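The structure under discussion appears below in the form of structure tokens.
Note that the structure is predicted; figures quoted are calculated from it, not measured.
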Amino acid sequence: MTDAAALPGQPRGGVLSGPATARAVNVLAPNASAMTLDGTNTWIVSEPDSELAVVIDPGPLDDSHLRHVVDTAEKAGKRIALTLLTHGHPDHAEGAGRFAELTGTKVRALDPALRLGDEGLTPGNVIRVGGLEMLVVAAPGHTADSLCFHLPADQAVLTGDTVLGRGTTVVAHPDGRLGDYLDSLRRLRSLTVDDGVHTVLPGHGPVLEDAQGVVEFYLAHRANRLAQVETAVENGHRTPAEVVAHVYADVDRSLWPAAELSVRAQMEYLREHGLI
């Protein structure tokens, strides 16, 4: 058995649902799959002594899960006052409309199409609810509309799909772009170096205790994959499917369609920089 402390980011063991920091509680959605890992992490975030809470990523359109999120907050003496989205993929956002009905909340997102209410989200915004403060961090790359949320009081960052609790994420070409994604990882690294962030609260998988370690791992992994793709193309593997079969031969074939999205993004990046 591998020691969790030896894995990238030092994933926390134990049950995924429940309190993760002083201010963040996870309610795991029942949508486990190869792509969603154990399921979508729906985060309830609030000041410990406040009656108001924010929910990040209600998850799929699953009424029992959405009601479970509401019940979890209410049992803790909290009323959900606002819903936020890290991005628009259905496993994070499909249930937002129904969740808004259940809670009477507005839904704020970067993409106007996902908003319910007049107010969106812009990088640099500060979310203030019941004494809670979270900073909105630009994180395009996985998707164009991806955001992270910096929770300074817990020295934590909620990363959606930008950084996962296990494995690595997909750059979802053509909406996702590798150059943007690398910039987003560097932005997260600066939070770990300059702002003391040490905990990652991801959109899937376990909490990570070593934020800087996992971001450095992601950057190294991307550089390695990029070099592999460049070499594969130089050796005559011209189509994304051919590159996937060569570079991702050790990856479960059920994940190859997702890997092809990342390969397309990598090939586009290499062309833009005149490397292939």
Whether over 12 other heavy atoms sit under 6.0 Å from D118 CG: no
Sub-4.5 Å side-chain heavy-atom contact between L219 and V215: yes
Side chain to side chain, R166 and P11, heavy atoms closer than 4.5 Å: no
Hydrophobic cluster (4.5 angstrom, side-chain heavy atoms) - remaining members for I56: W43, V45, L52, V54, L82, L84, L110, L121, I127, V129, L132, M134, V136, L147, F149, L151, L158, L201, V207
D63 vs R67, salt bridge (Lys or Arg N to Asp or Glu O under 4.0 Å): CA-CA, chis, key distance, verdict: CA-CA 6 Å; D63 214 62; R67 291 182 182 277; 2.7 Å; yes
Exam field: side chain D62 to backbone P30, donor-acceptor pair closer than 3.5 Å: no
Any donor-acceptor N or O pair under 3.5 Å, side chains T105, T83: yes
Single-linkage hydrophobic cluster V193~V197, side-chain heavy atoms < 4.5 angstrom: no
Atom CZ of R238: over 12 foreign heavy atoms under 6.0 Å: yes
Heavy-atom pair of closest approach, residues P58 and T42: O-OG1, 3.1 Å
Residue among N31, D57, D161 satisfying side-chain hydrogen bond (donor to acceptor under 3.5 Å, both in side chains) with T40: N31
Sub-4.5 Å side-chain heavy-atom contact between K106 and L116: no
Side-chain donor/acceptor of S262 to backbone N/O of A259, under 3.5 Å: no
Hydrophobic cluster partners of V126 (side-chain heavy atoms under 4.5 Å): L135
Residue pairs fulfilling ring pair (Phe, Tyr, Trp, His ring centres under 6.0 Å) with at least one residue in residues 175-197, sequence neighbours excluded: none
Main-chain N/O of P140 paired to S146 side chain as donor or acceptor, under 3.5 Å: no
Charged N-O contact under 4.0 Å between R264 and E260: yes
Chi angles and distances behind the side-chain contact (heavy atoms from CB on, under 4.5 Å) call for R225, V263: CA-CA 9 Å; R225 282 297 195 207; V263 165; over 6 Å; no
Same cluster (ILVMFWY, side-chain, under 4.5 Å), L7 and L16: no
Heavy-atom side-chain proximity of R186 to R189 below 4.5 angstrom: yes
Summary of ring pair (Phe, Tyr, Trp, His ring centres under 6.0 Å) pairs that have at least one residue in residues 228-276, sequence neighbours excluded: H237-H246, Y269-H273
H142/D175 under side-chain contact (heavy atoms from CB on, under 4.5 Å): CA gap, chis, key distance, verdict: CA-CA 8 Å; H142 170 66; D175 183 45; over 6 Å; no
CA sep, side-chain torsions, deciding dist, call: E119, R115, salt bridge (Lys or Arg N to Asp or Glu O under 4.0 Å): CA-CA 8 Å; E119 197 169 10; R115 301 171 187 169; over 6 Å; no
Donor-acceptor contact below 3.5 Å, side chain N125 vs main chain T122: yes
Stepwise salt bridge (Lys or Arg N to Asp or Glu O under 4.0 Å) check, E51 with R79: CA-CA 6 Å; E51 297 179 355; R79 177 176 65 83; over 6 Å; no
Polar side-chain atom of K78 near backbone of S46 as donor-acceptor pair, under 3.5 Å: no
Pairing residues for H204 by the ring-ring contact (aromatic ring centres under 6.0 Å, His included) criterion, not counting sequence neighbours: H92
Closest contact, heavy atoms only, C148 versus A139: SG-CB, 3.7 Å
Joint hydrophobic cluster, L185 plus L226, side-chain heavy atoms closer than 4.5 Å: yes
Side chain to side chain donor-acceptor pair (under 3.5 Å) pairs, two or more places apart, involving residues 126-138: R128-E133
Side chain to side chain contact (heavy atoms under 4.5 Å, CB included) partner of D145, chosen from T86, L85, D111: D111
Same cluster (ILVMFWY, side-chain, under 4.5 Å), V244 and V170: yes
P202 and V163, any side-chain heavy atoms less than 4.5 Å apart: no
Heavy-atom check, side chain of R23 versus side chain of P48, under 4.5 Å: yes
Side-chain donor-acceptor contact under 3.5 Å, T162 with T159: no
Single-linkage hydrophobic cluster, 4.5 Å side-chain cutoff, L275 and V233 together: yes
Evaluation steps, salt bridge (Lys or Arg N to Asp or Glu O under 4.0 Å), between E268 and R177: CA-CA 8 Å; E268 179 182 66; R177 294 175 56 84; 3.3 Å; yes
Minimum side-chain heavy-atom gap V171-R222 below 4.5 Å: yes
pair D38-L28: side-chain heavy atoms closer than 4.5 Å: yes
Parallel, tilted or perpendicular, as decided by the 30° and 60° cut-offs, for the rings of H89 and H87: perpendicular
Intermediate values then yes/no, side-chain contact (heavy atoms from CB on, under 4.5 Å), L188 and Y218: CA-CA 11 Å; L188 289 177; Y218 265 55; over 6 Å; no
Nearest atoms (heavy-atom pairs only) where L208 meets L164: CD1-O, 3.5 Å
Heavy-atom closest pair, residues A53 and I44: CB-CG2, 3.9 Å
